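Quick notes on the structure that follows.
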Protein chains: 2
Amino acid sequence: MSIKSVAKMAGVSIATVSRYFNKPDLLKKQTRDKVEKAIAALNYQPNTLAQNFRRGKSGLIVIVVYNIGNPLYENFTQAITPIAQSKGYDILIKETNRKNLDIKYYQDMLSSKQADGLIVMIDLPKLDGKTHFMLANLPIVFIKEERPANDDLPHYIGFDNYEAAETAAEHLINLGHKNIVCISSEENNTACLNRQSGFIFAIQKAKLLHERVITVRDNAEAIEEVVNSILQMEPKITAIFCTRDDLAIEVLSVLKQMNIEVPKRISVIGFNNIRYAAKTHPPLTTIEQPFAEITQQAIKVLCEKIENLPQTNDTEDIQNSTSTFNHRLIIRSSTASPLI
Amino acid sequence: MSIKSVAKMAGVSIATVSRYFNKPDLLKKQTRDKVEKAIAALNYQPNTLAQNFRRGKSGLIVIVVYNIGNPLYENFTQAITPIAQSKGYDILIKETNRKNLDIKYYQDMLSSKQADGLIVMIDLPKLDGKTHFMLANLPIVFIKEERPANDDLPHYIGFDNYEAAETAAEHLINLGHKNIVCISSEENNTACLNRQSGFIFAIQKAKLLHERVITVRDNAEAIEEVVNSILQMEPKITAIFCTRDDLAIEVLSVLKQMNIEVPKRISVIGFNNIRYAAKTHPPLTTIEQPFAEITQQAIKVLCEKIENLPQTNDTEDIQNSTSTFNHRLIIRSSTASPLI
DNA sequence: TTGAAAGCGGTACCAC
DNA sequence: GTGGTACCGCTTTCAA
């Protein structure tokens, strides 16, 4: 079943059939009808493999993730897909289950034409000058929760965790909280580290005393222990800022088990607005990152890279545009003014 | 950068270079070395697009999901990927964000050769005879929590919720419980319905009286009410079987709030072994479905379909093999013998 | 053990 | 507007 059979059946040349798909306007209505009928009769579908080969493009943008279990990803994929499709690319997700993939991995995917472009959501190992340059010339865009601190990765689209954390802290401060604790993940995650810094800065700016940050392993027992100790602190802690929603959710769950009322006794705010954040009891106040905008930007940059790679080696404008996205405070019921 | 340049550089024909990749044993060591050197010098990578085209295969199996946010998926993808890779397929995930996709959608993906095979984790609309037949002849395997009740979908790999629920009930019965209640979700979910049936069957088989099933809305208040009423039943209920872990987790949480000791006063067993099941107090006894085995089977079936489609139109053996997977009872501390 | 060459199914240029 | 045809990069048969 190829273009040939269609051509034969319609009594035209294969060139005409090809045109039917690619430049239908060039065909006389009459011819178009003939071709159309033959296609329908044979139930013909162009062979994508042949098309891709001939065009030298796969028409694919692959999103590379470590593990799809991360609930954050869906925010991105949801936003990316329609935009990519409108630009003629299909989006597929590749789960690597490996951290710190070598750049060669991405290079191979691209040079072997498995994908026209990559959106990578995994950390890269440190880059030397050469690989850095290489990367700038590959159709890859990185989206990470945070730009690596000491490294100006080209085409890096990221969040401003620092400012966003400031917003979260200020929300609590504006509600009247004076004694706030930050619970953060123990793993050495730049995003969380920056949120911690943002938190501390806001506390200091407000001239409050408590700028304590507690890091915790990511399991229920550890979190229970931490919450317990927080409840017993003096002066009395009235609010907790968690640097990730899942931490906040665990905290909420522990507090519930202990019959501690939220937000009456203590307010809790999270970070990221993952799907489950709206479903806690009480629903979690949190910070939402501008996924749609970031994504839009990422795709735009990527498509430009795919099309213009030979020319554009300067990426200044693109890099600079990353810092303009605005996070959003989502106020639900887990935060309120403290009882005096 | 093609096979041609390599051939030229190595002073051999393109056929030889091709053989270097596909049947290296056929080459004289000396020739192999020459080719190898040229490849390294040019940093050559075969063009996957051309390979796929020539071979008529994409080398891809696509997992079609509705939305990657579902935490169940990671269990599957993790298990599928290594197996598929060992069979020469790469796994990519396609998020559709659309329910009830028409069969045509899958057909198109396959006939246009975007994928060699599909693992579909979305519900299908009801099938008429023709589409049913069509489906049997396509390299697609369906994995869902439950096979649709009134529909024998071909190549459907599912769980045996009925038997697994029986196992759960029998665990309680063997511990000596005589008065057991089943709490199930109010939503009309086939998986849960079958678990209810399995429960009832086990109770009847053991000639116990209490085969009561209580369905409940999925919120904390409703569950609290139900638990309350269960505690007051006569004869005294000593065990609860929940058809989903999240229900069990809520039940546990309510019991804790009421200072009811688990499993001393009452045993609780869940279903699915979700990630949080190990983290309750006490840790939840539950049933684990055999993701790895199911997945292995799905891939095996799919690869067979991909390879043998023209011949195998009878699928009996494959369909029958779905029921052989063994669930696993995971005994933690939320179940024990009743106090007499 | 190697090379020559046909051809996979399209696209797009050039002629008419 | 339409047809003829070279060609994309690779695999594979056949012959040497």
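Just so we're clear, the structure is a prediction, and the values are computed from it rather than from any experiment. First the proteins, then the strands, lettered A, B, ... as listed; each starts at 1.
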Report which part of the nucleic acid [X] touches: base, sugar-phosphate, or nothing (heavy-atom distance under 4.0 Å, all strands).
X: B:Phe21; answer: nothing
X: B:Asn22; answer: sugar-phosphate
X: B:Thr16; answer: sugar-phosphate
X: A:Ile14; answer: base
X: A:Arg55; answer: sugar-phosphate
X: A:Val12; answer: sugar-phosphate

Any side-chain N or O of [X] less than 4.0 Å from the OP1 or OP2 oxygen of [N]?
X: B:Tyr44; N: D:dC10; value: yes
X: B:Ser18; N: D:dT11; value: yes
X: A:Ser13; N: D:dG4; value: no
X: B:Arg54; N: C:dC8; value: no

Given atom [atom1] of [X] and atom [atom2] of [N], what is their separation to the nearest angstrom?
X: A:Lys113; N: D:dG9; atom1: NZ; atom2: P; answer: 9 Å
X: A:Leu26; N: C:dC13; atom1: CG; atom2: C1'; answer: 13 Å
X: A:Ile39; N: C:dG10; atom1: CD1; atom2: P; answer: 11 Å
X: A:Arg32; N: D:dG1; atom1: CZ; atom2: P; answer: 10 Å
X: A:Ile3; N: C:dA12; atom1: CD1; atom2: P; answer: 11 Å
X: B:Tyr20; N: D:dC10; atom1: OH; atom2: P; answer: 15 Å
X: A:Lys57; N: C:dG10; atom1: NZ; atom2: C1'; answer: 16 Å
X: B:Leu49; N: C:dC8; atom1: CG; atom2: P; answer: 18 Å

> How are the rings of A:Tyr44 and A:Phe21 set relative to one another: parallel (under 30°), tilted (30 to 60°) or perpendicular (over 60°)?
Replying inline: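 Ring orientation of A:Tyr44 relative to A:Phe21: tilted.
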
Starting the side chain at C-beta, find the nucleotide from [options] nearest to [X].
X: A:Lys28; options: D:dG9, C:dG9, D:dG1; result: D:dG1
X: A:Lys4; options: C:dC8, D:dG9, C:dA4; result: C:dC8
X: A:Gln51; options: C:dT11, C:dG9, D:dC10; result: C:dT11
X: B:Arg19; options: C:dG3, D:dC10, C:dC8; result: C:dG3

> Is a side-chain donor or acceptor of B:Ser111 paired with a backbone partner of B:Gln107 at a separation under 3.5 angstrom?
Replying inline: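 Yes, B:Ser111 side chain to B:Gln107 backbone: donor-acceptor pair under 3.5 Å.
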
> Is a side-chain donor or acceptor of A:Thr81 paired with a backbone partner of A:Thr77 at a separation under 3.5 angstrom?
Replying inline: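 Present.
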
> 5'-most contact on DNA chain C: A:Ala15 or B:Leu27, nearest heavy atom basis?
Replying inline: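 Between the two, 5'-proximity favours B:Leu27.
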
> Any Lys/Arg nitrogen of B:Lys29 or B:Asp33 sitting under 4.0 Å from an Asp/Glu carboxylate oxygen of the other?
Replying inline: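 B:Asp33 and B:Lys29: salt-bridged.
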
>> With the criterion set at under 5.5 Å between ring centres and under 30 degrees between planes, would D:dC10 be stacked on B:Phe53?
In response: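 No, aromatic ring not over the base.
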
>> For B:Lys34 versus B:Ala10, what's the shortest heavy-atom pair and its separation?
In response: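 Looks like CD-O, 3.7 Å.
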
>> Under a 3.5 Å threshold, yes or no: a donor from one side chain and an acceptor from the other, between A:Tyr89 and A:Lys57?
In response: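 A:Tyr89 vs A:Lys57: donor-acceptor pair found between side chains.
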
